[in-house]
Structures are given as C-alpha cells and as structure tokens.
Amino acid sequence: EPMLEITGVERRFSATHAVQGVSLTVWPGEVTCLLGPSGCGKSTTLRMIAGIEQLDAGEIRIDGRPVADARRNVPPEMRPVGMVFQDLALFPHMTVAANVGFGLSRARQGSGEVRHLLERVGLAHHADKYPHQLSGGEQQRIALVRALATQPRVMLLDEPFSSLDQRLRVEMRELALDLLREAGTAVVLVTHDSDEAMMMADRIAIMHGGRIRQEGTPLELYQQP
Ligand code: ADP
Ligand code: ADP
C-alpha cells in the first residue's frame with residue numbers, strides 16, 4: 001500500500017498558479033525528491049502535505065486515509081507527518097532533550113527514548129544545552145530526531161541541509177538516510193540541488209511552473225540523452 005498519495009492537487013495565490021495538478025505516490029521506506037528551480041511550487045506542495053497550506057483542488061491521502069481536499073483539511077498536528085524545514089527552528093527556550101521529547105507522551109518522555117535518539121546522532125552529551133549553544137549541523141541533527149521521535153508515517157524535508165558547509169552536508173545526508181531507512185517512513189525531500197537528489201532519492205519528480213515535468217529513478221532521469 002502506498003503511504004502517501006497525492007492526486008491532482010492545485011494551489012493558487014492571487015496572481016500565481018503555484019501548483020497545477022500535481023500527483024505523486026510514495027511508498028513506505030521510499031525517498032521521493034521534488035527537484036526544481038526556486039518558485040516552481042516545491043514548498044507549496046510540501047506545505048499542503050503538512051497541512052499548513054489549503055488545497056484548491058485534488059486530494060491527499062496518508063496511509064489510505066484522506067487528510068485534505070478542497071473542502072477539508074486535517075490540521076497538521078493531527079497528521080502522522082514529521083517536518084524538517086530550513087526555517088522551522090528548534091524551540092529556543094527548551095533544552096535539546098525537551099525539544100526532542102516535545103511531541104512525545106509523558107510516558108515516552110520518561111522512558112529513556114529521548115536519550116536513545118540523542119545517542120543515535122551522537123549528541124547525548126548536549127541533552128541539557130539550549131539550541132543556540134549548538135552548531136548549525138548539530139541543530140539540524142536535533143531537528144531530524146525531533147521529527148522522527150513521533151514516529152511519523154511521512155517525513156517532509158525542505159532544503160534541510162542547505163545552510164551547512166559542503167563536508168557537513170554530505171555527512172548529514174548519509175546520517176539522515178540511515179535514520180529515515182531505519183524508521184521506514186515515506187519521505188518527500190525538496191531541493192534545488194540535483195546532486196542531493198541523485199544521492200538521496202529513490203525517485204525524483206522534476207517540477208517546473210507548478211507541474212511535474214518528469215518523474216523517474218535517478219538512473220532513468222540521468223541516462224536520458
Ligand atoms: P523558496 O524558494 O526558498 O522555497 P519561499 O517558498 O519562502 O522560498 O518563497 C518563494 C517565493 O514565494 C518568494 O518569491 C516569496 O516572495 C514568495 N512568497 C512566499 N511566501 C509569501 C507570502 N506569504 N506572500 C507573498 N509571497 C510569498
Ligand atoms: P519553491 O518552493 O519551488 O521555491 P514555492 O512553492 O515557494 O516554490 O512558490 C511557488 C510560487 O507560488 C512562487 O511563484 C511563489 O512566489 C508563490 N507563492 C508561494 N507562497 C505564496 C504566498 N503565500 N502568497 C503568494 N504567492 C506565493
């Protein structure tokens with residue numbers, strides 16, 4: 001069964017038809033990359049999956065259940081979706097441990113799970129620090145495990161590593177792929193970086209002007225003449 005099914009979604013802003021009939025199917029454990037230039041509709045598509053942008057037409061289903069269409073919008077916190085956005089910061093007044101435990105029940109907060117997650121990304125020794133005391137790369141690792149802590153069915157990543165330097169970015173891509181594969185979640189990754197798409201994606205959807213113009217595996221897309 002597909003984990004995420006997007007069928008003919010549309011989104012207009014006054015003068016702009018930002019997303020025009022986008023359809024996409026993502027299976028559990030699969031990384032699908034939306035690739036394309038700035039302004040082509042990638043973030044708007046991702047925000048509709050997250051529930052923070054209304055649909056004008058089409059439908060989104062997660063794990064077989066309809067979560068959004070033109071009339072209905074299940075609120076973001078009611079969707080089994082995790083997000084790591086470039087501009088979705090950690091909570092500045094909470095410790096690292098509190099950030100990671102934020103979406104968890106009290107029982108799960110007390111279960112050592114937060115510590116385990118922090119150990120998994122090598123940051124257990126920073127548990128009691130505050131976000132501003134960590135480097136950019138460390139903050140991104142925390143954002144990733146915070147999103148994974150709630151065991152989402154779908155993970156949304158919007159240019160998550162673009163602010164990091166080249167070496168750290170490559171490292172983070174590998175770590176993120178390991179964590180996401182372990183979790184078995186369906187992933188939608190937004191990027192304008194074709195190297196990132198090639199490295200991380202099982203399938204790539206190339207967007208332009210609000211539409212998907214081509215779709216396939218990295219091999220299929222890049223072997224074309
Ligand atoms: P990115 O290309 O990095 O995804 P954004 O999605 O933040 O950037 O913005 C893309 C374009 O959409 C920008 O040109 C911005 O001016 C425009 N935009 C984003 N949000 C709004 C808004 N609330 N009102 C008007 N324009 C917006
Ligand atoms: P991308 O993520 O590919 O850079 P976006 O989805 O952010 O593209 O934007 C697609 C188009 O929709 C752009 O033309 C952008 O200016 C416009 N747009 C996005 N958000 C808004 C908004 N809130 N209000 C008005 N225009 C917007």
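Atoms within each ligand, like the ligands themselves, are counted from 1 in listed order.
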Inset, instruction - Kindly state each residue pair satisfying ring-ring contact (aromatic ring centres under 6.0 Å, His included) with at least one member in residues 99-158, sequence neighbours excluded. - result: Phe91-Phe102
Legend entry - Ala18: numbered ligand 2 atoms lying under 4.0 Å from its heavy atoms: 10 (C), 11 (C), 12 (O)
Inset, instruction - Kindly confirm or rule out an N or O of Lys42 lying under 3.5 angstrom from an N or O of ligand 2. - result: yes
Inset, instruction - Check Arg47 against ligand 2 and report side chain, backbone, both or neither, counting heavy atoms closer than 4.0 Å. - result: side chain
Inset, instruction - Output yes when the distance from some N or O of ligand 2 to some N or O of Thr16 is under 3.5 Å, and no in every other case. - result: no
Inset, instruction - Heavy-atom contacts with Thr44 under 4.0 Å: which atoms of ligand 2 show up? List them by number with element. - result: 5 (P), 6 (O), 9 (O), 19 (C)
Inset, instruction - Show which atoms of ligand 2 fall inside a sub-4.0 Å distance from at least one heavy-atom site of Pro37. - result: 3 (O)
Legend entry - Charged N-O contact under 4.0 Å between Glu196 and Arg173: yes
Inset, instruction - Kindly give the heavy-atom pair with the smallest separation between Glu10 and Gly21, and that separation in Å. - result: OE2-N, 3.3 Å
Inset, instruction - Please identify which atoms of ligand 2 are closer than 4.0 Å to at least one heavy atom of Ser38. - result: 4 (O)
Legend entry - Check ion pair Arg61-Glu5 (N to O, under 4.0 angstrom): no
Legend entry - ligand 2 atoms in contact with Cys40 (distance to a heavy atom under 4.0 Å): 1 (P), 3 (O), 8 (O)
Legend entry - Of Gln20, Arg11, His17, the residue whose pairing with Asp56 passes side-chain hydrogen bond (donor to acceptor under 3.5 Å, both in side chains): Arg11
Legend entry - Min N/O separation Gly41 to ligand 2 under 3.5 Å: yes
Legend entry - Carboxylate-amine/guanidinium proximity below 4.0 Å for Asp195 and Arg169: no
Inset, instruction - Can you sort out the partners of Arg12 under salt bridge (charged side-chain N to carboxylate O under 4.0 Å, His left out), two or more places apart, ordered by chain and number? - result: none
Legend entry - Close-contact set for ligand 2 against Ser43 heavy atoms, below 4.0 Å: 1 (P), 2 (O), 6 (O), 7 (O)
